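Below is one structure, written out as structure tokens, with a few remarks after it.
Here the structure is a predicted model, which means the values were calculated and not measured.
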Amino acid sequence: MSATFDVDAYLAFACGAQAQRRRVEAADLAIGGALGVAAEPYPHQIAAVKRVLADTRIRHLIADEVGLGKTVQALMILNALRWQNPNHKAVILMPNRLIDQWRKECWTRGHCRVSVEGDDVAETTDPWVRLVRPESLRSGAFRLQPEKYNLLMVDEPQLIPNDVLEMVERTAPDFRQLLILSATPGLSDPARRASLMAMLEPDRAAIAYANLRDLNLFLDDVERNAAAGQGRAARMRPESIYRGFSTERRVMRATRSDWGRYLPKRQYEQLSIEPLCSERRRIETGMKWLETVAQKESRTDTWSAAQLLHRGTPSVRRFASGQSDSTGLLMKAVEYSAETPGDSRLDALLDVLTGLWAKDPAEQVIIVAGDNPTIDFLKSRLARYFEFDGEPVGIAELRREGEKSENEEADVRAMADQLSPFTTGESKLLLLGDWVQAGLNLHYFARNIVFYTTPWNSMAVDQLIGRLDRLRPNGLWQGDRGYSAGQVRIWSITQRETSEERAISGLEALKVFECPVPPLRPEDSERIDHELKSLVFSYDKGALSRLATMALNWADKGGQSCLSYLSPFTPSAAQSQYEALQSRAIPGPSLIMRRDQDTLTSASERALRRWLDFIGKSEILDVRFRSDRVDQKIKFATLWYKSKKDHFHPFQLAGVDGRNWMEGHIPYILSRQHLRQPPLMTVRTDDGEVGGRPLRFLDHGDEVHDSLVAGFISLAGEICKADQPQVAQVAFDPRHPLLETCSGKILALAIAYVDPGELAMPEFDRETLLNLVSDAPTEAQQATLSADVDQAFDWWLADQRWLRTIVCSQSYFSALELDGAKWIPLPHEIARLAFMPVTEDKDSRCARVRANSPRLSLETAQRGCRSAFASIGTAFRSENPTWLSDASEQFEQRHEVVDCENEDLISARMMMVEKWRAEGSAVQEWAREGQIAAAERRLKMARTIGAMRQKWLDEMLSRLSEMQPRNVGAMIIRPAPFADDY
């Protein structure tokens with residue numbers, strides 16, 4: 001009755017059950033694969049990612065405060081988009097200094113094949129993510145191509161040159177998806193706000209510009225009219241009004257005031273020291289020279305020069321060598337510095353380090369030295385004072401090779417080449433300049449920062465402290481249990497009765513050492529600079545109170561929407577979402593039982609690990625555990641086909657060559673806790689391996705993981721068909737709990753799933769839209785209309801993602817026992833055991849099919865499989881009595897928001913038609929007619945897409961009411977213990 005297969009039928013069936021539960025987990029609990037990235041997600045991150053993925057379209061600004069994980073959120077969104085659409089491609093524009101960080105994070109956390117424009121040679125496979133520097137756009141080496149890339153992401157736009165940003169702003173509206181990441185987006189600045197909103201709200205921007213309206217005023221009017229219940233808003237639900245009209249509907253900002261329990265506390269101490277006589281004379285004389293420079297209206301930057309004069313002899317000497325000094329004062333300042341040996345700042349620094357290392361010799365410390373001469377001075381001095389295990393203290397440094405240049409390429413090289421000793425723990429000290437800010441994540445290694453010289457700039461101080469004051473490993477576990485995430489200790493060394501002391505007092509009045517600086521309006525930044533200069537140069541004591549008042553008046557969220565009170569996106573809602581997600585069970589049939597201390601991700605990891613262990617024991621694929629050939633402390637596993645000659649390969653693993661081990665094997669890790677810092681991108685699996693082999697994080701979104709899932713689901717369906725049932729005696733480990741109740745009994749097993757995104761989503765009607773494209777007379781018009789078709793498909797994908805967030809995907813399994821002529825359902829927990837070829841014991845034997853199959857008629861076996869599937873259908877209907885009515889409410893809200901956006905799109909297209917109709921004699925008649933016809937075709941396309949989208953939303957709801965579980969496979973087994981000859 002059963003055919004001969006090269007793979008054990010029961011093991012293939014059990015692997016299919018595990019693959020099915022992984023797929024359902026990806027669609028549901030993992031938010032469409034988003035949580036498959038290598039990070040433990042925090043409540044605000046889960047809420048933001050879900051908000052973006054479930055929105056009507058992806059055009060969002062993530063403006064979380066520094067250290068709250070914007071990059072991780074972006075990777076989660078990228079992972080979900082590619083899980084849903086394997087052809088998804090993204091281009092990410094960023095400042096140079098962030099390139100290396102993104103390259104590593106994309107691969108080690110986000111499973112992304114990445115290339116860097118200008119760095120990587122031509123590749124045989126097109127990367128999923130392209131990283132681009134501003135200079136590549138400026139030079140024309142790279143061109144933004146909305147037709148090639150689905151998503152445009154811009155990281156830290158405030159650090160990108162204005163001319164490059166203008167190029168982005170012109171092209172961004174044509175991208176189907178847009179994501180902007182910035183802790184300081186500048187929404188309080190009208191010009192900056194208009195620029196961002198033009199990218200986030202392209203249809204409304206087009207309407208405003210067509211009516212010669214200021215975009216900010218137009219958006220505010222739209223919002224106020226909605227708040228007053230005018231127009232379409234009069235017929236809409238409150239939440240739909242916010243989603244449809246709020247100026248903040250696509251702006252997200254998480255703050256420390258909301259999520260501080262997950263972050264370390266800042267402990268700040270100012271070390272006010274008495275300067276040496278020679279130091280005081282150097283500073284006083286140098287500042288007198290600066291007064292003469294200022295009076296002569298010299299080109300010298302007096303603000304920067306004042307800071308240099310306070311740093312020390314090496315900095316002043318180097319500075320003086322490049323200055324004209326007709327007064328002789330500057331040279332006297334240098335001479336005064338050399339009069340007396342010693343350095344009061346150094347003495348204070350030594351006291352700090354001695355106290356720290358007396359308590360914990362393992363502590364690592366960041367020292368902000370300010371400039372290269374000071375770095376050189378400290379490096380030579382500190383090595384004389386401290387020894388560990390008989391060796392001078394290890395000192396790493398990050399310096400800029402060109403002191404006066406803004407060479408970000410040099411910054412990147414410095415970070416890559418010089419940071420390693422500190423991150424590995426070889427060095428306990430890291431000396432850096434005050435220019436090192438965004439893109440340097442030091443919180444994995446240190447929790448102490450000493451401002452040997454403090455930048456007289458609030459944003460510089462804020463960014464430097466932000467390198468340590470960030471979400472930390474294990475911070476989620478600690479915060480959820482009410483434990484402290486630890487401290488970030490901050491010291492500033494200040495010499496008494498100096499201009500520096502006054503500058504630091506101004507920064508303290510702003511509380512920049514105690515809490516992050518919020519996004520500031522340009523006028524606020526200018527005012528801060530003005531008040532600090534008043535303190536330094538004029539000793540205006542009133543500046544302190546004015547700065548303190550500014551700090552009190554800062555709005556930490558910068559909210560501008562009069563509809564904020566209708567927003568469903570509150571911190572409490574995010575926390576509720578997070579708690580609900582954490583409390584849910586992972587889909588069955590799982591090979592593990594969830595423990596009380598498990599988070600959702602740790603439970604998922606353990607279940608996946610057990611599946612991989614089972615695959616290895618089953619000998620369907622080769623799974624082994626290894627150490628790096630160079631560094632034995634690095635552990636990982638490898639996955640490959642079985643190496644037996646002519647062994648049956650059940651399916652093709654993505655990107656895996658099965659010809660030999662050296663070419664094909666895949667190193668991977670499964671646990672987020674096993675991620676090394678800095679990220680480990682490769683490992684050495686064999687002697688002489690050049691460059692190593694890429695190390696994967698195996699989870700949802702990784703192409704190898706997803707090919708395992710798809711392959712085993714397909715294999716189970718091919719082997720275990722209900723109309724041609726496999727009937728097998730299956731030998732289990734004698735300790736297996738299934739044998740206690742079912743040994744020798746005949747069981748019918750079945751697996752099925754429900755994924756609304758797959759089962760209730762209508763087909764995308766591309767053909768109707770392509771007919772409109774073909775009607776266009778020119779290639780240019782056809783290309784424009786084809787872009788509209790691609791946009792419509794992206795909206796179809798957005799509605800599919802949204803559907804998966806409101807109606808859960810579910811995994812089903814059943815086991816029935818043959819009792820005489822009847823098939824009787826087994827309790828759920830016993831049924832789960834029937835899908836467990838191995839137990840949770842490490843030495844558990846793997847089940848195997850044995851030759852002595854039970855004698856069973858084909859009709860009885862078929863009836864058993866059909867009955868097992870029928871019991872799943874009964875469970876599906878009984879467990880979901882209210883979800884359809886709940887979904888109906890959600891569909892009505894979706895219709896309301898989609899209607900708003902369709903109306904915007906159609907209005908923008910109609911105005912384009914009117915624009916060309918109104919063109920005068922400056923345009924030839926034949927050209928004007930052609931432009932009118934082209935605009936009318938786009939208008940027709942917009943109306944067709946709008947009607948089509950409303951139609952598929954209606955069809956989705958009706959399909960939900962008819963949805964039934966999709967069967968994967970079924971088989972008949974008779975459990976028995978292994979014989980002694982196992």
Side-chain angles (χ1 to χ4, degrees), residues 55-59 81 84-89 145-152 171 173-178 202-203 206-207 210 757-803 891 894-895 897-917 919 925-959 962:
D55 209 340
T56 52
R57 65 194 306 187
I58 294 179
R59 303 194 77 83
L81 294 175
Q84 183 189 28
N85 175 18
N87 296 318
H88 188 276
K89 286 184 170 53
Q145 297 171 280
E147 69 277 8
K148 180 177 180 181
Y149 296 96
N150 304 69
L151 169 70
L152 169 63
T171 312
D174 296 327
F175 276 86
R176 301 189 291 280
Q177 299 167 345
L178 175 72
D203 294 333
I207 296 171
E758 176 184 330
L759 302 178
M761 196 71 194
E763 291 293 326
F764 178 66
D765 186 5
R766 186 179 292 272
E767 184 177 351
T768 295
L769 300 180
L770 289 179
N771 288 336
L772 297 178
V773 175
S774 63
D775 289 341
T778 66
E779 290 185 1
Q781 289 188 32
Q782 289 179 0
T784 300
L785 293 171
S786 294
D788 288 343
V789 176
D790 292 338
Q791 181 68 83
F793 181 64
D794 191 72
W795 292 339
W796 184 89
L797 293 173
D799 288 337
Q800 184 185 52
R801 293 192 300 270
W802 166 77
L803 179 60
F891 270 88
R894 188 76 167 187
H895 269 293
V897 178
V898 168
D899 278 342
C900 286
E901 297 189 350
N902 286 342
E903 186 177 272
D904 287 339
L905 177 61
I906 291 170
S907 295
R909 297 284 171 86
M910 287 179 66
M911 289 180 177
M912 185 57 66
V913 173
E914 295 304 318
K915 171 184 177 295
W916 286 109
R917 285 178 177 164
E919 285 290 338
E925 185 63 24
W926 63 268
R928 188 169 70 89
E929 291 298 327
Q931 294 290 0
I932 291 173
E936 288 177 336
R937 287 189 181 91
R938 292 205 76 195
L939 174 59
K940 182 179 179 180
M941 177 68 81
R943 285 173 169 154
T944 303
I945 291 172
M948 187 179 289
R949 191 173 192 183
Q950 296 290 10
K951 180 182 177 183
W952 76 53
L953 284 171
D954 289 335
E955 288 185 17
M956 286 159 61
L957 187 58
S958 63
R959 284 172 177 246
E962 302 167 357

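At least one side-chain heavy atom of F891 sits less than 4.5 Å from a side-chain heavy atom of W802. Side-chain contact between R959 and L803 is absent, with no heavy-atom pair separated by less than 4.5 Å. Between F175 and Q791 there is no side-chain heavy-atom pair separated by less than 4.5 Å. Using a 4.5 Å heavy-atom threshold, the side chains of Q782 and P777 count as separate. Between V773 and R937, the closest side-chain pair of non-hydrogen atoms is not below 4.5 Å. The closest side-chain heavy-atom distance from M956 to P762 is below 4.5 Å. Annotation: side chain of D55 is not in contact with side chain of R801 (no heavy-atom distance under 4.5 Å). Annotation: side chain of L769 is not in contact with side chain of F793 (no heavy-atom distance under 4.5 Å).
The backbone N or O of D203 lies less than 3.5 Å from no partner atom in the side chain of D904, so there is not a single donor-acceptor pair. Checking side-chain atoms of T768 against main-chain N and O of D765 turns up no donor-acceptor pair under 3.5 Å.
Summarising the geometry of L772 relative to K940, their closest heavy-atom pair is CD2-CE, 3.7 Å, with the distance given to 0.1 Å. The two residues W795 and L905 make their nearest non-hydrogen contact at CH2-CD2, 3.8 Å. Here the closest heavy-atom approach between residue D788 and residue M941 is recorded as CB-CG, 3.7 Å. Residue T56 comes nearest to R949 through the heavy atom pair O-NH2, 2.9 Å, listed as atom of the first residue, atom of the second, then distance. Counting all heavy atoms, side chain and backbone alike, W916 lies closest to I932 at CB-CG1, 3.6 Å.
Here D799 pairs with R894 in a salt bridge; the nearest charged N to carboxylate O distance falls below 4.0 Å. A salt bridge is defined here as a Lys NZ or Arg NE, NH1 or NH2 lying under 4.0 Å from an Asp or Glu carboxylate O, and R909 with E914 fails to meet this definition.
For M948, the CE atom is densely surrounded, since the number of other residues' heavy atoms within 6.0 Å is greater than 12. Around CD of E779, the count of heavy atoms belonging to other residues, nucleotides or ligands within 6.0 Å does not exceed 12.
Qualifying side chain to side chain donor-acceptor pair (under 3.5 Å) partners for Q800, counting only residues two or more places apart in sequence or in other chains: Q84. Partners of H88 according to the side chain to side chain donor-acceptor pair (under 3.5 Å) rule, which considers only residues two or more places apart in sequence or in another chain, are Q177. Residues passing the salt bridge (charged side-chain N to carboxylate O under 4.0 Å, His left out) test with R943: none are found, sequence neighbours excluded.
Looking only at atom types and distance, the side chain of D174 has no donor-acceptor partner in the side chain of T171 under 3.5 Å away.
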